[in-house]
Q: 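One structure, as structure tokens, below. Some questions next.
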Amino acid sequence: MVSAHNSFLAGLLLASIGAVVCQSGSGTTTRYWDCCKPSCAWSENAGDVTAPVRTCAAGGTTTVSKNVQSGCNGGNAFVCNNQKPFVKNGQAYAFAAAKIAGLSLSQQCCACFKLTFTSTAIAGKSLIVQVINTGNDLTTNQFDLQIPAGGFGSFTQGCPKQWPSTPAANWGSQYGGVSNRASCSAIPSALVSGCQFRFDWMRGADNPKVNYQKVTCPTALTDISKCIRRS
């Protein structure tokens, strides 16, 4: 017979193991940019945070209310231009959609992870991401990096609505986006540097694998998203 004390200790051990699984592991990356309002911009999804993720009006610079419907569902809330990848003081940063083992949407919203690439082309390089979105088509431990002209994915209507003067073809293939650096110049100028990030810093790596580790979110990301986890 297992004593109550031993059962308690076993429970603590299992909880500890679960926490470790959520904190780190190995995973895959993909890329997308659909211009839709991120999942973590809705209060009911965001969980215990200071505020839901910031969203913008068409044009990508003017903040809209957290209650405005997504541009992909008939509204006027879109991803903001500055929620693109960038390098600051030698460290690379980005935003991502994710599905992480052991974490619900409200637990992963606005959490940050350090991704260390293991694929040959960029092995050893690290990228710190903040999770601001999810996706029904994501597999476990998948980080879908938010990269302009990285592909619309399931939502083809968002970017044409946010950027009506930019032909849909300029954004590249529905899955994968543009195929070369030169094509980045055909999307809105405010997003070009984020598109080029894939060909410059990422060296054109196509869906590289990573090891991930949960980290404290840096202000370089939270100053942009305006979302900080309290727990």
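Positions are given from 1, in the same order as the sequence printed here. These values consider heavy atoms only, across backbone and side chains, with no hydrogens, waters or symmetry-generated copies.
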Q: For the cysteine pair Cys227 and Cys110, state whether the SG atoms are less than 2.5 angstrom apart.
A: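 Yes - the two cysteines, Cys227 and Cys110, have SG atoms within less than 2.5 Å of each other.
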Q: Does any non-hydrogen side-chain atom of Tyr212 lie less than 4.5 Å from one of Val129?
A: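 SC-SC contact between Val129 and Tyr212 ruled out.
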Q: Are Lys99 and Asp144 within salt-bridge range, i.e. N to O under 4.0 Å?
A: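 No, Lys99 and Asp144 are not salt-bridged.
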Q: Answer yes or no: is there a side-chain heavy-atom contact under 4.5 Å between Phe95 and Ile147?
A: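 Contact flag for Phe95/Ile147 side chains = no.
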Q: Quick one: pull up NZ in Lys226 and OG1 in Thr63 and give me the separation to the nearest 0.5 Å.
A: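 So the gap between those two atoms works out to 8.0 Å.
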Q: Quick one: does Ile128's side chain get under 4.5 Å of Val215's, heavy atoms only?
A: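 Yes; the side chains approach each other to less than 4.5 Å.
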Q: Can a side-chain donor-acceptor contact be found between Ser231 and Asp48 if the only test is distance below 3.5 angstrom?
A: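 Asp48 vs Ser231: donor-acceptor pair found between side chains.
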Q: What about Leu115 and Ile122, same hydrophobic cluster or not, with Ile/Leu/Val/Met/Phe/Trp/Tyr joined at side-chain heavy-atom distances under 4.5 Å?
A: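 Linked, Leu115 and Ile122 end up in one cluster.
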Q: Would you call Thr61 and Cys56 a side-chain contact if the rule is heavy atoms closer than 4.5 Å?
A: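 Side-chain contact under 4.5 Å: no.
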Q: Less than 6.0 angstrom separating the ring centers of Phe143 and Phe113, yes or no?
A: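 When the ring centroids of Phe143 and Phe113 are compared, they turn out to be within the sub-6.0 Å range.
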Q: Does the pair Phe152 and Tyr32 meet the rule for a ring pair (Phe, Tyr, Trp, His ring centres under 6.0 Å), with working shown?
A: CA-CA 6 Å; Phe152 292 155; Tyr32 84 105; over 10 Å; no
Q: So, Ser39 and Asn133: side-chain donor and acceptor under 3.5 Å apart, yes or no?
A: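 On atom types as modelled, these side chains qualify, holding a pair under 3.5 Å.
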Q: Are any non-hydrogen side-chain atoms of Thr55 and Pro38 less than 4.5 angstrom apart?
A: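 Thr55 reaches Pro38 side chain to side chain.
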Q: Atom CG of Leu127 and atom NZ of Lys114: how far apart are they, to the nearest 0.5 Å?
A: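 Output value for this atom pair is 10.5 Å.
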Q: Find the distance between OG (Ser183) and CD (Gln196) and round it off to the nearest 0.5 Å.
A: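 Here the rounded value is 11.0 Å.
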Q: For the atom pair OG (Ser65) and CG (Asn76), what is the distance rounded to the nearest 0.5 Å?
A: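 Reported value, rounded in 0.5 Å steps: 12.0 Å.
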Q: Between Asp200 and Arg181, does at least one N-O distance fall below 4.0 Å, as a salt bridge requires?
A: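 Counted as a salt bridge, because a side-chain N and a carboxylate O are separated by less than 4.0 Å.
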Q: Please answer whether the main-chain N or O of Thr118 pairs with a side-chain N or O of Asn211 as donor and acceptor at a distance below 3.5 Å.
A: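 Checking the backbone N and O of Thr118 against the side chain of Asn211, no donor-acceptor pair under 3.5 Å is found.
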Q: Scan side-chain atoms only and decide if Arg54 and Ser225 contain a donor-acceptor pair under the 3.5 Å cut-off.
A: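 Short answer, no.
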Q: Cation over ring, Lys66 on Trp42, under 6.0 Å and within 45°?
A: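 Ring-cation test returns no.
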Q: Does the side chain of Thr28 pick up a donor-acceptor pair with the side chain of Gln142 at under 3.5 Å?
A: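 Side-chain D/A pair, Thr28 to Gln142: absent.
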Q: OG/Ser119 to CZ/Arg203 distance, rounded to the nearest 0.5 angstrom?
A: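 Going from the OG atom of Ser119 to the CZ atom of Arg203 covers 12.5 Å.
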Q: For a 4.5 angstrom cut-off between non-hydrogen side-chain atoms, does Asp206 reach Arg31?
A: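 A side-chain contact under 4.5 Å exists here.
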Q: Between the main-chain N or O of Gln213 and the side-chain N or O of Ser24, is there a donor-acceptor pair closer than 3.5 Å?
A: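 Looks like no, no N/O pair under 3.5 Å.
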Q: Counting N and O atoms only, with roles assigned by atom type, does the side chain of Gln174 sit under 3.5 Å from a partner on the main chain of Gly153, one being a donor and the other an acceptor?
A: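 At least one qualifying donor-acceptor pair exists.
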Q: Is there a side-chain contact between Phe78 and Val68 (heavy atoms, below 4.5 Å)?
A: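 Result no, sub-4.5 Å side-chain heavy-atom pair not found.
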Q: Would the SG atoms of Cys35 and Cys72 measure under 2.5 Å apart?
A: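 Their SG atoms do not fall under 2.5 Å; no disulfide, then.
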